[in-house]
> 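Below are the structure tokens for one structure; questions will follow.
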Amino acid sequence: MPTYRAPRGTRDLLPDERAVFDRLTRLATDLTERYGYRPIETPLFEQTAVFERGIGEVTDVVEKELFRLAPRTDEAESWALRPEPTAGIVRAYVQHGMQTWPQPVKLTTTGPMFRYDRPQAGRYRQFWQFDVEAIGDPGPAIDAEVIELGHRFYAEAGVQGVEVLVNSIGDPVCRPAYIATLTAYYRGHLAELPATEKDRLERNALRLLDSKDPDMAGLNAAAPRITDHLCEACAAHFDSVRAHLTALGVPFRVEPGLVRGLDYYTRTAFEFYVSGREGQQQALGGGGRYDGLVALLGGKPTPGIGFGLGLDRVALVLAEQGHAPAATAAPLAVVVGADPDDTVGRLRVASRLRAERLRVRADLARRKLGRQLEAASKDGAHFAVILGDELADGHVQVRDLQAGSQRLVALADLARELARAETTHRHG
RNA sequence: GUGGCCUUAGCUCAAUUGGCAGAGCAUCGGAUUGUGGCUCCGAAGGUCACGGGUUCGAGCCCCGUAGGCCACCCCA
């Protein structure tokens, strides 16, 4: 048992797994460029108040999952690791006066988030999100465009069976009245409520709607629906979002129980789900509109919408769905030598090839030639460059490890020969 | 934060009713001089997660802790 290990809920991404994340990150970059987003990096920690005020004091994320940093005695400020990216990005929007940029400001980031949760497969205390935020456009069309972008990410990543769930959770005009109606409804059925649900009723009645308790199924099916209680503006917005999604050919399902966990959401809420897999971590991503958040964090009232997609879960589902991990970048050639002690010779040849931008490994292990060739094979190298007596008149053996053939090449021609083989190999 | 199951070599797993910790894969080395993949031989690798307890004796039984997994809570 090692003395030290990765903290609970964190893990090391070993090269094979890291390669999958790399591929997803490159896809995110490529996709957001196509949609006109610009990358942004905000700190991994913020003043605690950014999250408390932005996300909401009574949310689970803030109440029990926030990774608070131990306060220093010489600083009055308190800090917390970011549990999600939106609050920090909106803080940056306000701080840098982005309301003077052409609107909407479309920003994207990908990086680690932190929540002090109890870990499970697909649920970590440090996890990665690909995030997109469009700030400054109130219209329903941008909602549809954002949702389509997320949907396309899964499609191009190769995830099968992703469902788009959408809902509208109203705005400050209509939601309070709906919550009152909903609370009254549940109070009328208090005797039928499981104990845990009774507690939640007083804190956040909306949450009862997406309860997974089977005893709640019947009650929830008959519960008043928010979509029937939207104000005129919210209803029109939701209608238009759906119309745009349909026009774009994005398949979706209206899910009246979808309410999302963070306070800042208004109107459009959506989630990306994958069905038909073991385990409960089926939510691959989600987001929504947050028209009140910019003002909440000290800016002038500005609408916004965005989503966060969990890369850990995408990688997990891809593996479950049988996707081969990304191919490793095997060296084009390994420089080996008949004289195990001539590390200088092997390094010099490798160095010259690397200067020509070739992917080359030098065998520095001072083992006999046979072992060096064996290792080169296992490496997946295409060629072995063998240094021997021929070096005296400026030649080396170039061995094709797959074909088993070998020929004499002048050192002066080596880089050009290998580069040509690389091109042939790549296009062949 | 609640409940349940699990933890033996780097990985996947064995180990009669409590009686001297093993295999496969991987790693490293050998099979006569400068040629890999197959094969053969060998080496290294363990505080049986950690800490207590019961016992002549614990990988195995009991308690605690940590970590993982599962279900809640909630979410990505």
Side-chain angles (χ1 to χ4, degrees), chain A residues 1-11 14 16 55 59-65 82-86 110-131 150 154 194-197 199-200 203-204 207-208 210-214 258-262 271-274 278-287 307-317 334 336-340 342 363 365-381 383-391 396-406:
Chain A
M1 181 47 51
T3 309
Y4 301 109
R5 53 183 168 189
R8 181 173 203 198
T10 73
R11 67 226 172 98
L14 303 186
D16 280 347
I55 296 167
T59 57
D60 276 16
V61 168
V62 166
E63 274 187 341
K64 56 179 214 182
E65 295 170 5
R82 64 182 186 188
E84 54 86 57
T86 308
T110 298
M113 308 296 155
F114 305 85
R115 289 185 198 176
Y116 195 81
D117 245 5
R118 186 134 162 196
Q120 240 170 277
R123 190 166 79 185
Y124 302 98
R125 289 180 172 183
Q126 177 178 341
F127 58 99
W128 272 260
Q129 273 193 2
F130 158 43
D131 179 80
Y154 296 112
T196 55
E197 304 294 348
D199 295 338
R200 299 167 73 194
R203 301 183 55 226
N204 192 343
R207 301 239 61 93
L208 302 220
D210 62 355
S211 169
K212 293 172 192 75
D213 192 324
L258 173 58
V259 293
R260 308 277 312 154
L262 313 180
E271 279 184 3
F272 299 103
Y273 249 68
V274 63
E278 293 296 311
Q280 281 308 109
Q281 261 60 55
Q282 297 179 337
L284 295 191
F307 65 66
L309 308 191
L311 297 187
D312 307 79
R313 289 183 183 177
V314 171
L316 184 70
V317 171
V334 176
V336 301
D339 175 6
D342 185 22
D363 195 311
R366 295 178 185 246
R367 51 192 161 184
K368 65 183 204 178
L369 184 57
R371 292 288 178 196
Q372 296 181 53
L373 287 167
E374 185 182 348
S377 281
K378 283 181 184 165
D379 241 15
F383 297 102
V385 174
I386 305 170
L387 276 44
D389 297 335
E390 308 87 341
L391 214 48
V396 295
Q397 298 281 359
V398 174
R399 182 173 181 81
D400 185 322
L401 291 167
Q402 273 125 59
S405 59
Q406 176 170 321

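Side chains are part of it too, since the values below use all heavy atoms of this structure and drop only hydrogens, waters and symmetry mates. It should be emphasised that the depicted structure is a prediction, and the values quoted were computed from it without experimental measurement. Order of the sequence lines fixes the chain letters, A, B, ..., with proteins taken first and strands second; residue numbering starts at 1 for each chain.
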> Answer with base, sugar-phosphate or nothing: what part of the nucleic acid does G404(A) contact at a heavy-atom distance below 4.0 Å?
base
> Using a 6.0 Å distance limit plus a 45 degree cone around the ring axis, check whether R115(A) lies over the aromatic ring of F127(A).
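No.
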> Over how many whole Å does the gap from D389(A) atom CG to rU35(B) atom P extend?
12 Å
> Reading RNA chain B from 5' onward, which residue's closest nucleotide shows up sooner: A365(A) or L401(A)?
A365(A)
> Please report the closest heavy-atom contact between G380(A) and Q402(A), naming both atoms and the distance.
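Shortest heavy-atom separation between G380(A) and Q402(A) comes out as O-NE2, 4.5 Å.
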> Is rA44(B) paired to anything, Watson-Crick or G-U wobble with both distances less than 3.5 Å, and if yes, which nucleotide?
none
> C1' atom, rC6(B) versus rG42(B): distance in rounded Å?
36 Å
> Any idea which of rU35(B), rA76(B), rG29(B) is nearest the R367(A) side chain?
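Comparing rU35(B), rA76(B), rG29(B) against the side chain of R367(A), the answer is rG29(B).
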> Under 4.0 angstrom, heavy atoms only, what part of the nucleic acid is E84(A) near: base, sugar-phosphate, or nothing?
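Here E84(A) touches no strand at all.
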> Check every strand shown and say whether Q372(A) touches a base, only sugar-phosphate, or nothing at a heavy-atom separation below 4.0 Å.
nothing
> Could you give the CZ-to-C1' distance, from R123(A) to rA76(B), as a whole number of Å?
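Checked: the CZ to C1' distance equals 10 Å.
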> Select one nucleotide: of rC75(B), rG68(B), rU35(B), the one nearest the side-chain heavy atoms of P119(A).
rG68(B)
> Rounding to a whole Å, what distance do you find between D117(A):CG and rC73(B):C1'?
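Taking atom C1' of rC73(B) as the reference, CG of D117(A) is at 9 Å.
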> Heavy atoms only, 4.0 Å cut-off, all strands: where does G9(A) land among base, sugar-phosphate and nothing?
sugar-phosphate
> Give the minimum heavy-atom separation between G337(A) and L369(A), together with the two atoms involved.
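Heavy atoms only, the tightest pair is O-CD1, 3.7 Å.
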> Scan I386(A) against the nucleic acid and name what it touches under 4.0 Å (heavy atoms): base, sugar-phosphate only, or nothing.
base
> Looking at every non-hydrogen atom in both residues, tell me the closest pair between I55(A) and P83(A) and how far apart they are.
CD1-CG, 3.7 Å
> Tell me the interatomic distance from W128(A), atom CH2, to rC75(B), atom C1', rounded to whole angstroms.
17 Å
> Can you tell me how far C1' in rA15(B) sits from the matching atom in rA9(B), rounded to whole Å?
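Pairwise C1' distance, rA15(B) against rA9(B), rounds to 14 Å.
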> Tell me what D339(A) touches on the nucleic acid: a base, only sugar-phosphate, or nothing, going by heavy atoms under 4.0 Å.
nothing
> Do E374(A) and rU35(B) have a side chain to base donor-acceptor pair shorter than 3.5 Å?
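There is none.
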> On a whole-Å scale, what distance lies between the C1' atoms belonging to rG59(B) and rC48(B)?
5 Å
> Report yes if a donor N or O on one partner sits less than 3.5 Å from an acceptor N or O on the other, where the partners are the side chain of R115(A) and the base of rC74(B); otherwise report no.
no
> Who is the Watson-Crick or G-U wobble partner of rC38(B), with both distances under 3.5 Å?
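Check on rC38(B): unpaired, no WC or wobble geometry under 3.5 Å.
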> Checking base pairs now: Watson-Crick or wobble, both atom distances under 3.5 Å. What partners rA66(B)?
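rU7(B) is the nucleotide pairing with rA66(B).
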> Could you go over nucleotides 40-43 of chain B and give all protein N or O partners under 3.5 Å, atom names and distances?
none

> Kindly say whether, by distance alone, the side chain of K64(A) makes a donor-acceptor pair under 3.5 Å with the base of rC73(B)?
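Side chain to base: pair present.
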> Set out, in order, the CA-CA distance, both residues' side-chain angles and the distance that settles side-chain hydrogen bond (donor to acceptor under 3.5 Å, both in side chains) for E84(A) and Q129(A), then state yes or no.
CA-CA 8 Å; E84(A) 54 86 57; Q129(A) 273 193 2; over 6 Å; no
> What integer number of Å spans the C1' atoms of rG22(B) and rU16(B)?
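These two C1' atoms come out 15 Å apart once rounded.
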> Whom does rG22(B) pair with, Watson-Crick or G-U wobble, provided both distances fall under 3.5 Å?
rC13(B)
> Grab the OH-P distance between Y124(A) and rC70(B) for me, whole Å please.
9 Å
> Taking only the P atom of each, what is the distance from rG45(B) to rG3(B) in whole angstrom?
42 Å
> Please name the pair of heavy atoms, one in A6(A) and one in T10(A), separated by the smallest distance, quoted to 0.1 Å.
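What the structure gives for the nearest pair is CB-OG1, 3.5 Å.
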> Starting from P on rG29(B), measure out to CZ on R366(A) and report it in whole angstrom.
14 Å
> Respond yes when some side-chain nitrogen or oxygen of R8(A) is under 4.0 Å from OP1 or OP2 of rG68(B), and no when none is.
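For R8(A), the contact criterion (side-chain N or O under 4.0 Å from OP1 or OP2 of rG68(B)) is met.
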> Starting at NZ of K368(A), measure out to CG of L373(A) and round the result to the nearest 0.5 Å.
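Reported value, rounded in 0.5 Å steps: 11.0 Å.
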> Name the nucleic acid region contacted by G388(A), choosing base, sugar-phosphate or nothing; use a 4.0 angstrom heavy-atom cut-off, strictly under.
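Counting heavy atoms under 4.0 Å across all strands, the contact made by G388(A) includes a base.
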> Taking 4.0 Å as the cut-off, does a side-chain nitrogen or oxygen of Q120(A) come that near to OP1 or OP2 on rG68(B)?
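Result: no.
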> Taking the C1' atom of each, how far is rC60(B) from rG53(B), in whole Å?
15 Å
> When the C1' atoms of rG64(B) and rU54(B) are compared, how many Å lie between them, rounded to an integer?
15 Å
> When you measure from the side-chain N and O atoms of R5(A) to the phosphate of rG68(B), is any distance below 4.0 Å, counting only OP1 and OP2?
no
> Could you measure the distance from the CD atom of E65(A) to the CZ atom of R118(A)? Nearest 0.5 Å is fine.
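Between atom CD of E65(A) and atom CZ of R118(A) there are 13.5 Å.
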> Rounding to the closest angstrom, what is the interatomic distance between rC73(B) and rG1(B) at atom C1'?
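Rounded to whole Å, the distance is 8 Å.
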> Quick check for you: to the nearest 0.5 Å, what is the distance between K378(A) atom NZ and L401(A) atom CG?
13.5 Å
> Nearest whole angstrom, please: distance from the C1' of rC28(B) to the CG of D363(A).
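Going from CG in D363(A) over to C1' in rC28(B) covers 14 Å.
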> Rounded to the nearest 0.5 Å, how far does CG of L391(A) lie from CD of Q397(A)?
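If we round to the nearest 0.5 Å, Q397(A):CD and L391(A):CG are 11.0 Å apart.
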> Strictly under 3.5 Å: I want the nitrogen or oxygen pairs between protein and nucleotides 2-8 of chain B, one per line.
unit_1 : atom_1 : unit_2  : atom_2 : d
rU2(B) : O4     : R118(A) : NH1    : 3.1
rG3(B) : O6     : R118(A) : NH2    : 3.0

> Does a side-chain N or O of K368(A) approach OP1 or OP2 of rC28(B) to a distance below 4.0 Å, or not?
no
> Whole Å only: how far is the CZ atom of F272(A) from the P atom of rA76(B)?
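Interatomic distance, CZ of F272(A) to P of rA76(B): 12 Å.
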> Establish whether the base of rG37(B) is bridged to the side chain of S377(A) by a donor-acceptor pair shorter than 3.5 Å.
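Flag unset: no donor-acceptor pair detected.
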> About how many Å separate CG of L284(A) and OH of Y273(A), when rounded to the nearest 0.5 Å?
9.5 Å
> How many angstroms lie between CZ in R11(A) and CG in D312(A), if you round to the nearest 0.5 Å?
4.5 Å
> Quick check on RNA chain B: between K378(A) and E65(A), whose nearest nucleotide comes earlier from the 5' end?
K378(A)
> Checking all strands, does Q126(A) fall into the base, sugar-phosphate, or nothing category for heavy-atom contacts under 4.0 angstrom?
nothing
> For a quick test of reading the model, state the closest non-hydrogen atom pair linking L309(A) to G286(A) and the distance between them.
CD2-N, 4.4 Å
